[in-house]
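Excluded from the calculations below are hydrogen atoms, water molecules and symmetry mates; all remaining heavy atoms, backbone and side chain alike, are included.
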Amino acid sequence: MKYTTIILILLIITSCLQNKRSDYLNNIDLPPQIAYIANPNKNDTLCISEIKRAQEDIANGKIVLTQSVGLGTGTLRYESELRKLCKENGLQFDVDLFSCVEEVGQTQGCYGAYMDKTIIEKFGIDFKNNIHRQADSLFLQNADLHDKVVQQWGCDERPRLPSENERTNDYLTTIKIKNLKIENDGSENGEWPFFDLSFIVEKDSTINGFYISYFASNTKNNEKLKQELYEIAVDYIKENYPIWIPGKIEGIPVRTDNNVRIFFENNNYAI
(Lines give C-alpha, C1' and ligand atoms only; values in the text may rest on other atoms or scores of the structure.)
Protein backbone atom coordinates (compact mmCIF):
# COMPACT_ATOMS: atom_id res chain seq x y z
CA MET A 1 0.00 0.00 0.00
CA LYS A 2 2.87 2.35 0.90
CA TYR A 3 4.56 1.85 -2.47
CA THR A 4 1.26 2.31 -4.30
CA THR A 5 0.78 5.68 -2.59
CA ILE A 6 4.31 6.79 -3.55
CA ILE A 7 3.74 5.81 -7.17
CA LEU A 8 0.45 7.73 -7.25
CA ILE A 9 2.16 10.83 -5.82
CA LEU A 10 4.93 10.61 -8.43
CA LEU A 11 2.36 10.23 -11.20
CA ILE A 12 0.46 13.30 -9.93
CA ILE A 13 3.69 15.35 -9.77
CA THR A 14 4.68 14.25 -13.29
CA SER A 15 1.23 15.12 -14.59
CA CYS A 16 1.39 18.56 -12.95
CA LEU A 17 4.81 19.25 -14.46
CA GLN A 18 3.59 18.22 -17.90
CA ASN A 19 0.56 20.49 -17.54
CA LYS A 20 2.77 23.39 -16.48
CA ARG A 21 5.05 22.84 -19.49
CA SER A 22 2.04 22.66 -21.77
CA ASP A 23 0.56 25.85 -20.28
CA TYR A 24 3.94 27.60 -20.62
CA LEU A 25 4.24 26.69 -24.31
CA ASN A 26 0.66 27.75 -24.94
CA ASN A 27 1.31 31.20 -23.49
CA ILE A 28 4.42 32.19 -25.43
CA ASP A 29 5.04 32.94 -29.10
CA LEU A 30 6.94 29.97 -30.51
CA PRO A 31 9.06 30.12 -33.66
CA PRO A 32 7.16 28.76 -36.71
CA GLN A 33 9.37 25.66 -36.93
CA ILE A 34 8.57 24.65 -33.35
CA ALA A 35 4.88 25.33 -33.86
CA TYR A 36 4.97 23.16 -37.01
CA ILE A 37 6.41 20.06 -35.32
CA ALA A 38 3.35 19.90 -33.06
CA ASN A 39 1.35 18.85 -36.10
CA PRO A 40 3.54 18.15 -39.15
CA ASN A 41 2.04 17.28 -42.50
CA LYS A 42 1.47 13.51 -42.60
CA ASN A 43 3.40 13.32 -45.89
CA ASP A 44 6.39 15.14 -44.42
CA THR A 45 8.29 11.93 -43.74
CA LEU A 46 11.62 13.69 -43.26
CA CYS A 47 10.28 15.86 -40.46
CA ILE A 48 8.40 13.00 -38.82
CA SER A 49 11.50 10.79 -38.82
CA GLU A 50 13.60 13.60 -37.30
CA ILE A 51 11.00 14.16 -34.57
CA LYS A 52 11.06 10.44 -33.77
CA ARG A 53 14.87 10.47 -33.56
CA ALA A 54 14.76 13.45 -31.21
CA GLN A 55 12.17 11.76 -29.00
CA GLU A 56 14.30 8.62 -28.79
CA ASP A 57 17.38 10.64 -27.84
CA ILE A 58 15.47 12.55 -25.15
CA ALA A 59 14.05 9.29 -23.76
CA ASN A 60 17.66 8.13 -23.40
CA GLY A 61 18.59 11.27 -21.49
CA LYS A 62 20.18 13.11 -24.41
CA ILE A 63 19.05 16.72 -24.91
CA VAL A 64 20.91 18.51 -27.69
CA LEU A 65 21.37 22.19 -28.32
CA THR A 66 21.69 22.32 -32.09
CA GLN A 67 23.14 24.84 -34.51
CA SER A 68 21.77 24.92 -38.06
CA VAL A 69 24.64 24.78 -40.55
CA GLY A 70 24.37 25.01 -44.32
CA LEU A 71 26.63 25.85 -47.23
CA GLY A 72 28.73 28.76 -45.97
CA THR A 73 26.34 29.61 -43.12
CA GLY A 74 25.91 28.84 -39.45
CA THR A 75 29.53 28.37 -38.36
CA LEU A 76 30.12 29.73 -34.87
CA ARG A 77 33.32 31.45 -33.78
CA TYR A 78 32.53 30.50 -30.17
CA GLU A 79 31.66 26.82 -30.69
CA SER A 80 34.28 25.60 -28.22
CA GLU A 81 32.93 27.86 -25.47
CA LEU A 82 29.35 26.88 -26.30
CA ARG A 83 30.14 23.17 -26.00
CA LYS A 84 31.54 23.75 -22.50
CA LEU A 85 28.50 25.75 -21.39
CA CYS A 86 26.16 23.08 -22.75
CA LYS A 87 27.99 20.43 -20.76
CA GLU A 88 27.69 22.54 -17.60
CA ASN A 89 23.91 22.64 -18.15
CA GLY A 90 23.54 18.91 -18.81
CA LEU A 91 23.18 19.40 -22.56
CA GLN A 92 25.05 18.21 -25.61
CA PHE A 93 25.93 20.37 -28.59
CA ASP A 94 25.76 19.31 -32.22
CA VAL A 95 25.35 20.86 -35.65
CA ASP A 96 22.15 20.30 -37.62
CA LEU A 97 23.28 20.05 -41.22
CA PHE A 98 20.95 21.51 -43.84
CA SER A 99 21.18 20.32 -47.42
CA CYS A 100 21.20 22.96 -50.16
CA VAL A 101 18.84 20.68 -52.10
CA GLU A 102 15.32 20.79 -50.69
CA GLU A 103 12.67 18.20 -51.46
CA VAL A 104 9.16 19.49 -52.04
CA GLY A 105 6.98 18.85 -49.01
CA GLN A 106 9.89 17.76 -46.83
CA THR A 107 11.02 19.93 -43.91
CA GLN A 108 14.60 20.02 -42.67
CA GLY A 109 15.52 20.94 -39.12
CA CYS A 110 12.74 19.17 -37.24
CA TYR A 111 15.24 17.35 -34.99
CA GLY A 112 16.65 20.68 -33.87
CA ALA A 113 13.18 22.22 -33.56
CA TYR A 114 12.01 19.39 -31.29
CA MET A 115 15.14 19.76 -29.18
CA ASP A 116 14.53 23.52 -29.00
CA LYS A 117 11.00 22.84 -27.76
CA THR A 118 12.37 20.58 -25.05
CA ILE A 119 14.98 23.16 -24.03
CA ILE A 120 12.30 25.86 -23.83
CA GLU A 121 10.20 23.61 -21.59
CA LYS A 122 13.18 22.90 -19.35
CA PHE A 123 14.99 26.25 -19.26
CA GLY A 124 12.64 28.90 -20.68
CA ILE A 125 12.20 30.75 -23.97
CA ASP A 126 15.32 32.93 -23.63
CA PHE A 127 17.78 30.20 -22.65
CA LYS A 128 19.18 29.45 -26.11
CA ASN A 129 19.79 33.11 -26.98
CA ASN A 130 21.35 33.72 -23.58
CA ILE A 131 23.75 30.78 -23.73
CA HIS A 132 24.86 31.89 -27.21
CA ARG A 133 25.56 35.39 -25.90
CA GLN A 134 27.41 34.00 -22.91
CA ALA A 135 29.55 31.76 -25.13
CA ASP A 136 30.39 34.66 -27.44
CA SER A 137 31.36 36.82 -24.46
CA LEU A 138 33.67 34.06 -23.20
CA PHE A 139 35.16 33.71 -26.67
CA LEU A 140 36.02 37.42 -26.79
CA GLN A 141 37.44 37.26 -23.27
CA ASN A 142 39.64 34.29 -24.20
CA ALA A 143 40.77 35.94 -27.43
CA ASP A 144 41.70 39.12 -25.56
CA LEU A 145 43.42 37.47 -22.58
CA HIS A 146 45.27 34.72 -24.42
CA ASP A 147 46.00 36.52 -27.71
CA LYS A 148 43.99 33.87 -29.55
CA VAL A 149 44.07 34.14 -33.34
CA VAL A 150 40.57 34.64 -34.74
CA GLN A 151 39.59 33.68 -38.28
CA GLN A 152 38.55 36.70 -40.31
CA TRP A 153 35.03 35.33 -40.79
CA GLY A 154 34.65 35.31 -37.01
CA CYS A 155 35.20 39.07 -36.72
CA ASP A 156 32.46 41.67 -36.55
CA GLU A 157 34.80 43.86 -38.62
CA ARG A 158 37.21 42.17 -41.00
CA PRO A 159 40.87 43.25 -41.26
CA ARG A 160 41.31 46.09 -43.74
CA LEU A 161 43.91 48.32 -45.26
CA PRO A 162 44.33 51.81 -43.77
CA SER A 163 42.92 53.28 -46.99
CA GLU A 164 39.68 51.28 -46.69
CA ASN A 165 36.59 52.09 -44.62
CA GLU A 166 35.73 48.38 -44.63
CA ARG A 167 36.83 45.25 -46.44
CA THR A 168 34.13 43.67 -48.57
CA ASN A 169 36.03 41.04 -50.58
CA ASP A 170 39.23 38.97 -50.57
CA TYR A 171 40.76 40.20 -53.84
CA LEU A 172 43.91 42.21 -53.16
CA THR A 173 45.94 42.64 -56.33
CA THR A 174 47.27 41.16 -59.57
CA ILE A 175 51.03 40.72 -59.83
CA LYS A 176 52.35 40.86 -63.38
CA ILE A 177 55.23 38.44 -63.93
CA LYS A 178 57.99 38.87 -66.50
CA ASN A 179 60.74 36.39 -65.70
CA LEU A 180 58.65 33.28 -64.97
CA LYS A 181 56.86 31.41 -67.72
CA ILE A 182 53.44 31.27 -66.13
CA GLU A 183 50.50 30.33 -68.34
CA ASN A 184 46.79 30.81 -68.46
CA ASP A 185 44.63 27.74 -68.93
CA GLY A 186 43.83 28.49 -72.57
CA SER A 187 40.12 28.79 -71.90
CA GLU A 188 37.87 31.47 -73.40
CA ASN A 189 38.50 33.75 -70.41
CA GLY A 190 42.16 32.77 -70.05
CA GLU A 191 42.30 31.92 -66.33
CA TRP A 192 45.65 32.79 -64.71
CA PRO A 193 47.02 31.17 -61.53
CA PHE A 194 46.09 32.67 -58.16
CA PHE A 195 46.72 32.21 -54.45
CA ASP A 196 44.43 32.49 -51.49
CA LEU A 197 47.17 33.67 -49.18
CA SER A 198 46.67 33.87 -45.42
CA PHE A 199 48.64 35.71 -42.75
CA ILE A 200 48.16 37.00 -39.22
CA VAL A 201 47.30 40.66 -38.66
CA GLU A 202 48.52 41.53 -35.19
CA LYS A 203 46.75 43.97 -32.90
CA ASP A 204 49.55 46.48 -33.55
CA SER A 205 48.74 46.30 -37.32
CA THR A 206 51.88 44.37 -38.30
CA ILE A 207 51.68 41.12 -40.29
CA ASN A 208 53.40 37.71 -40.10
CA GLY A 209 52.82 33.96 -40.38
CA PHE A 210 52.17 33.66 -44.12
CA TYR A 211 50.78 30.42 -45.53
CA ILE A 212 48.91 29.19 -48.60
CA SER A 213 45.26 28.40 -47.93
CA TYR A 214 44.54 27.62 -51.60
CA PHE A 215 46.45 27.61 -54.88
CA ALA A 216 44.75 27.45 -58.29
CA SER A 217 47.58 26.66 -60.71
CA ASN A 218 45.25 26.10 -63.68
CA THR A 219 48.12 24.35 -65.58
CA LYS A 220 50.69 21.69 -64.68
CA ASN A 221 53.52 24.07 -65.52
CA ASN A 222 52.21 26.66 -63.06
CA GLU A 223 52.05 24.00 -60.36
CA LYS A 224 55.83 23.60 -60.64
CA LEU A 225 56.22 27.32 -59.96
CA LYS A 226 54.14 27.27 -56.76
CA GLN A 227 56.99 27.98 -54.32
CA GLU A 228 58.47 30.76 -56.45
CA LEU A 229 55.08 32.42 -56.88
CA TYR A 230 54.47 32.11 -53.14
CA GLU A 231 57.73 33.88 -52.32
CA ILE A 232 56.94 36.61 -54.85
CA ALA A 233 53.49 37.11 -53.34
CA VAL A 234 54.79 37.30 -49.76
CA ASP A 235 57.51 39.79 -50.69
CA TYR A 236 54.99 41.87 -52.64
CA ILE A 237 52.59 42.09 -49.68
CA LYS A 238 55.37 42.90 -47.21
CA GLU A 239 56.61 45.69 -49.46
CA ASN A 240 53.31 47.17 -50.64
CA TYR A 241 50.82 46.31 -47.86
CA PRO A 242 52.85 46.03 -44.63
CA ILE A 243 50.23 47.70 -42.41
CA TRP A 244 46.70 46.38 -41.81
CA ILE A 245 43.93 47.42 -39.45
CA PRO A 246 43.23 44.26 -37.39
CA GLY A 247 39.83 42.63 -37.22
CA LYS A 248 37.53 43.62 -34.40
CA ILE A 249 34.91 41.94 -32.22
CA GLU A 250 32.56 44.32 -30.42
CA GLY A 251 34.97 47.13 -31.31
CA ILE A 252 37.97 45.39 -29.70
CA PRO A 253 40.98 44.59 -31.95
CA VAL A 254 41.97 40.92 -32.07
CA ARG A 255 44.78 38.96 -33.68
CA THR A 256 43.25 37.94 -36.99
CA ASP A 257 43.95 35.22 -39.54
CA ASN A 258 43.44 37.28 -42.69
CA ASN A 259 42.98 35.93 -46.21
CA VAL A 260 43.62 37.69 -49.53
CA ARG A 261 43.43 36.55 -53.14
CA ILE A 262 46.35 37.38 -55.44
CA PHE A 263 46.32 36.75 -59.18
CA PHE A 264 49.38 36.44 -61.39
CA GLU A 265 49.68 37.42 -65.04
CA ASN A 266 52.52 36.96 -67.51
CA ASN A 267 53.26 40.53 -68.53
CA ASN A 268 55.93 43.20 -68.73
CA TYR A 269 56.56 43.57 -65.03
CA ALA A 270 60.08 43.08 -63.75
CA ILE A 271 60.41 41.32 -60.41
Side-chain angles (χ1 to χ4, degrees), residues 69-77 79 97-101 143 147-249 251-271:
V69 175
L71 183 62
T73 62
T75 305
L76 300 173
R77 64 191 181 196
E79 182 178 318
L97 292 174
F98 276 58
S99 172
C100 57
V101 179
D147 281 333
K148 184 177 180 179
V149 176
V150 179
Q151 295 293 326
Q152 64 171 12
W153 56 261
C155 294
D156 299 332
E157 298 177 39
R158 293 177 54 184
R160 60 182 173 83
L161 293 167
S163 60
E164 297 176 312
N165 291 324
E166 64 175 330
R167 190 153 190 87
T168 57
N169 63 74
D170 292 334
Y171 172 73
L172 181 62
T173 189
T174 297
I175 301 176
K176 298 182 179 180
I177 305 296
K178 182 179 181 180
N179 60 343
L180 288 179
K181 294 181 180 180
I182 62 169
E183 307 167 337
N184 65 43
D185 62 4
S187 65
E188 183 179 351
N189 295 321
E191 296 292 335
W192 291 95
F194 68 84
F195 277 124
D196 282 344
L197 193 63
S198 294
F199 51 91
I200 296 172
V201 179
E202 299 288 355
K203 288 187 280 188
D204 65 0
S205 293
T206 58
I207 58 176
N208 61 69
F210 288 83
Y211 68 94
I212 300 167
S213 51
Y214 180 71
F215 176 46
S217 61
N218 292 322
T219 73
K220 290 183 178 179
N221 178 66
N222 292 339
E223 181 65 38
K224 298 174 184 177
L225 302 173
K226 180 179 179 179
Q227 184 61 32
E228 292 174 88
L229 291 174
Y230 166 72
E231 292 172 1
I232 289 170
V234 170
D235 289 342
Y236 188 91
I237 291 177
K238 287 182 176 179
E239 180 179 349
N240 294 278
Y241 306 100
I243 301 298
W244 288 74
I245 307 301
K248 295 181 180 180
I249 298 176
I252 299 174
V254 293
R255 300 181 70 213
T256 314
D257 192 333
N258 188 36
N259 181 81
V260 296
R261 178 162 291 188
I262 297 176
F263 281 88
F264 300 90
E265 287 184 4
N266 194 341
N267 210 322
N268 294 320
Y269 180 83
I271 300 297

For Ile182, is there any backbone N or O sitting under 3.5 Å from a side-chain donor or acceptor partner on Asn266? yes

Side chain to side chain contact (heavy atoms under 4.5 Å, CB included), that's the test. Do Asp257 and Gln151 meet it? Break it down for me. CA-CA 5 Å; Asp257 192 333; Gln151 295 293 326; 3.4 Å; yes

Among Asp170, Thr256, Thr168, exactly one meets side chain to side chain donor-acceptor pair (under 3.5 Å) together with Arg158. Which residue is that? Asp170

Any donor and acceptor pair, going by atom type alone, linking the side chain of Asn221 with main-chain N or O of Lys181 inside 3.5 Å? yes

Kindly write out the residues that satisfy ring pair (Phe, Tyr, Trp, His ring centres under 6.0 Å) with Tyr171, not counting sequence neighbours, or none if the list is empty. none

Pro253 and Gly251 have their tightest heavy-atom pair at CD-O, 3.7 Å

Does the side chain of Thr173 reach to within under 4.5 Å of the side chain of Tyr241, using non-hydrogen atoms? yes

Hey, are the side chains of Lys226 and Ser217 touching, using non-hydrogen atoms and a 4.5 Å cut-off? no

Ignoring hydrogens, what is the shortest heavy-atom contact between Val254 and Cys155? Give both atom names and the distance. CG2-SG, 4.1 Å

Only counting residues at least two apart or in another chain, list the ones meeting side-chain hydrogen bond (donor to acceptor under 3.5 Å, both in side chains) with Ser187. Asp185

To the closest 0.5 Å, what do you measure between CD (Glu223) and CG (Leu229)? 10.0 Å

Non-hydrogen side-chain atoms of Asp196 and Arg261 separated by less than 4.5 Å: yes

Listed by chain and number, what are the side-chain hydrogen bond (donor to acceptor under 3.5 Å, both in side chains) partners of Glu79, not counting sequence neighbours? Arg83

List the atom pairs, with distances to 0.1 Å, where a side-chain N or O of residues 197-205 and a protein N or O form a donor-acceptor pair under 3.5 Å, not counting sequence neighbours.
| unit_1 | atom_1 | unit_2 | atom_2 | d |
| --- | --- | --- | --- | --- |
| Ser198 | OG | Ser213 | OG | 3.3 |
| Ser198 | OG | Asn259 | OD1 | 3.1 |
| Glu202 | OE1 | Arg255 | NE | 2.7 |
| Glu202 | OE2 | Asn208 | ND2 | 2.9 |
| Glu202 | OE2 | Arg255 | NH2 | 3.0 |
| Lys203 | NZ | Asp147 | OD1 | 2.9 |
| Asp204 | OD1 | Thr206 | N | 3.0 |
| Asp204 | OD1 | Thr206 | OG1 | 2.6 |
| Ser205 | OG | Trp244 | O | 2.9 |

So which heavy atom on Ala233 is nearest to which on Ile175, and how close? CA-CD1, 4.0 Å

Any residue meeting side-chain contact (heavy atoms from CB on, under 4.5 Å) with Asp235, in chain and number order, not counting sequence neighbours: none

If you count heavy atoms of other groups shown closer than 6.0 angstrom to NZ of Lys148, is the number above 12? yes

Taking ring pair (Phe, Tyr, Trp, His ring centres under 6.0 Å) as the definition, give me every residue that meets it alongside Phe195, ordered by chain and number, with sequence neighbours left out. Phe215, Phe264

Side chain to side chain contact (heavy atoms under 4.5 Å, CB included) between Glu183 and Leu225, worked out: CA-CA 11 Å; Glu183 307 167 337; Leu225 302 173; over 6 Å; no

Pairwise side-chain contact, Arg167 with Leu172, heavy-atom cut-off 4.5 Å (strictly under): yes

Should Leu180 and Ile232 count as side-chain neighbours, where that means a heavy-atom distance under 4.5 Å? yes

Heavy-atom closest pair, residues Asn240 and Pro242: C-CD, 3.4 Å

